[in-house]
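See below for the structure under consideration.
In what follows, every chain begins at residue 1, and chains take the letters A, B, ... in the order their sequences are listed.
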There are 2 protein chains.
Amino acid sequence: MNISEDTRPVCILGLGLIGGSLMRDLAAAGRGVYGWNRSEKTVTAAQRDGFDVSGDLAATLQRAEKDDALVVLGVPMHALSGLLEALAEHAPSVGFTDVTSVKEEVHALVTEHGLSDRFVGGHPMAGTANSGWNVTLEGLFQGAVWVVTYDNAVDLAEENDRWVETWARVVTMAELVGSDVVPSLSRRHDRAVARVSHLPHVMAEALAVAGDFGGPLALTLASSSFRDGTRVAGTAPELVRAMCENNRSSLVAALDQTLELLQEARDCLADESRNLRELAGDGHAARGRFEARAGRNKGDQTNRPIIRVRPGTAGWVSQLESAESMGAQIAIF
Amino acid sequence: MNISEDTRPVCILGLGLIGGSLMRDLAAAGRGVYGWNRSEKTVTAAQRDGFDVSGDLAATLQRAEKDDALVVLGVPMHALSGLLEALAEHAPSVGFTDVTSVKEEVHALVTEHGLSDRFVGGHPMAGTANSGWNVTLEGLFQGAVWVVTYDNAVDLAEENDRWVETWARVVTMAELVGSDVVPSLSRRHDRAVARVSHLPHVMAEALAVAGDFGGPLALTLASSSFRDGTRVAGTAPELVRAMCENNRSSLVAALDQTLELLQEARDCLADESRNLRELAGDGHAARGRFEARAGRNKGDQTNRPIIRVRPGTAGWVSQLESAESMGAQIAIF
């Protein structure tokens, strides 16, 4: 089938900021979408807003199975296991994806449940500072990167057709809500986000504590470098813990390198005969590479390569590997 | 005399971003202001913009001495020594201030030149990412903190009258251009800015390098936490080096504490039985205290105490100490 003509619905389990906003966007795009949430309050609120939402997980999954819906697991990591059990029982053939911010642990969990042949991991990189149906909004994913994993991709394997279809449906759904899809293996995703998402949070916490230790005078003299450098320390501590503690080994590696850089800077400053030339130069060049790709300010035009991919054809896995190595987004055709 | 009725001019030596913008603001406020710059190009450009600027340092200082002008040293640290020599020779009685971002080293240098009885240190905390007359602008200091040191303040000492007058003139000038004046001893200023200005730069450089090390995929997956956390790594490396290398001992102390915090976080992550509760909680609380004082976003209303001070009167030094310990701004009356 041509995936662009796919009219089967999407079934979203868990209607927090990500799942709920996805429901709003898909509905606005005219796509069939329904879902489930554990809390009765959320079910009522979503129904009042005009959405097709139920509090009955088994019934919702049975409906998804009958519709051959694409199932989206919209719950946090700790709730995934329960949903995977229900999925195995009530929807034995549907393809599904998730939206959690680490991917290797999710893949392992899915494999444990024997469901990896119909799973494609996802990570929409959109705001997570607030949570719940009440903060859901249309347009959350517009222009955001949506990582789609390809751990189970195999070139031209007949028995892989169904998985390839699920993969293409996940990509198409992400594109439908305005996201830029970037392919990645789970472990490479986790290593990358450790450096550019989890590490920045740990650094912000440490900087906030070290600045605050200077007392009221320091806080009064703090200007934009401190404001920007500590902004994400304003994130709820449980969210910071969840993202960092779910990606321990990659984050430890990133922290070890950072500790070396800072220790070297410290030693250079403690020795009058040495200077900060190396770190200041390297940091400036690194920021330059980031700006070349992502623009200087939030909302600037990004400048990423785009790789065209035809799912399931000969060589498509190596197209995905190329895209990943370039940090490219993909377009399927 | 009542300092608010002071009509003597200001003489600015060095017309880069800070000195030049100060000249624009003082002129716009109707204050007599003239200055000097070493580069002929700057002199010509400033004259073309209608300002009273000369390339003759001796003549400018002789004019300042005759006018009893308040002299502002607008040059970077490495150029201060030369100006202090010229000041001693050609303007043997004028009061003067500076605008460099560290204060202890400047105070030591001024004392070396035997000029500390007429010196009041200053640090306007306004943008320094660009430099030169061409980037000067009106309104640069509006709402910015302007630190004024009081190292030489003595309660009610007759022989101190002239110094107190210079101190009050510096404060009044900073207020005239819209700044919030915060008093501080030099060493306390340097310790504070090490934590909230220099440390954020070192952290941003290290984070930029560690993120960039993740390659193109990491840079593509980088979102606002990385963007904000590395913003000041975009500052010219020489400027970062100048600020950090001029404040070595205070910055080393701040870095040592930060290294401990990050090492502890690293160890907590490497041990599955431990967690990030402490750092995430402390960082969040610290950011909360910053936001309570400075607002959440740039341009938000600040919330600082204001202490009224009458320069030179009994107890005024302890008023300054109180203000400093609270990170308060002052108003003279």
Can you find a heavy atom in the side chain of B:D282 that is under 4.5 Å from one in the side chain of A:E205?
no

Side chain from CB out, backbone as N, CA, C, O: work out which of these in A:L262 comes under 4.5 Å of a heavy atom of chain B, or both, or neither.
both

Whatever's closer than 4.5 Å to a heavy atom in chain B on A:R188 counts as both

Tell me if a side-chain donor or acceptor on A:R287 pairs with a main-chain N or O of B:R227 at a distance below 3.5 Å.
yes

Heavy-atom cut-off 4.5 Å, strictly under: side chain, backbone, both or neither for B:N247 against chain A?
neither

Taking side chain as everything from C-beta outward and backbone as N, CA, C, O, which of these in B:E272 sits under 4.5 Å from a heavy atom of chain A? Side chain, backbone, both or neither.
both

Quick check against the 3.5 Å criterion: does B:R248 have a side-chain atom that pairs as donor or acceptor with the backbone of A:L269?
yes

Would you say A:L207 and B:P200 make side-chain contact, with heavy atoms under 4.5 Å?
yes

Could you look at B:H201 and say if it's the side chain, the backbone, both or neither that has a heavy atom under 4.5 Å from chain A?
side chain

Counting heavy-atom pairs under 4.5 Å with chain B, which one of A:D267, A:T258, A:D256, A:V193 comes out on top?
A:D256

Please flag which part of B:V209 lies under 4.5 Å from any non-hydrogen atom of chain A: side chain, backbone, both or neither.
both

Quick one, B:L279 and A:V240 - any side-chain contact, counting heavy atoms below 4.5 Å?
no

Portion of A:N297 that has a non-hydrogen atom of chain B nearer than 4.5 angstrom:
backbone

With a 4.5 angstrom heavy-atom cut-off, could you sort out which part of B:S325 is near chain A: side chain, backbone, both or neither?
backbone

May I ask you to name which of A:G229, A:S224, A:S184 has the most heavy-atom pairs under 4.5 Å with chain B?
A:S224

Contact origin within B:D271 toward chain A - heavy atom pairs under 4.5 Å:
backbone

Check: B:D228 and A:V232 side chains under 4.5 Å, non-hydrogen atoms:
no

B:V202 versus A:L276: any side-chain heavy-atom pair under 4.5 Å?
yes

Honestly, the part of B:E245 sitting under 4.5 Å from a heavy atom of chain A is both

Can you say whether A:R277 sits under 4.5 Å from chain B via the side chain, the backbone, both, or neither, judging by heavy atoms?
both

Measure distances from B:M125 to the heavy atoms of chain A and classify the residue's part below 4.5 Å as side chain, backbone, both or neither.
side chain

Check whether B:R304 gets within reach of chain A through its side chain, its backbone, both or neither, counting any heavy atom under 4.5 Å.
side chain

Check whether B:A204 gets within reach of chain A through its side chain, its backbone, both or neither, counting any heavy atom under 4.5 Å.
neither

Closest-packed option against chain B by number of heavy-atom pairs under 4.5 Å, given A:V145, A:T230, A:L261
A:T230

Less than 4.5 Å to any heavy atom of chain A: does that hold for the side chain of B:R293, its backbone, both, or neither?
side chain

Side chain, backbone, both or neither: which part of B:L251 has a non-hydrogen atom closer than 4.5 Å to chain A?
side chain

Which pair of non-hydrogen atoms, one from B:A233 and one from A:G283, has the smallest distance, and what is that distance?
CB-O, 3.8 Å

Against chain B, label A:L217 side chain, backbone, both or neither, depending on which of its atoms sit under 4.5 Å from a heavy atom there.
both

Ignoring hydrogens, what is the shortest heavy-atom contact between A:A286 and B:D212? Give both atom names and the distance.
CB-CB, 3.5 Å

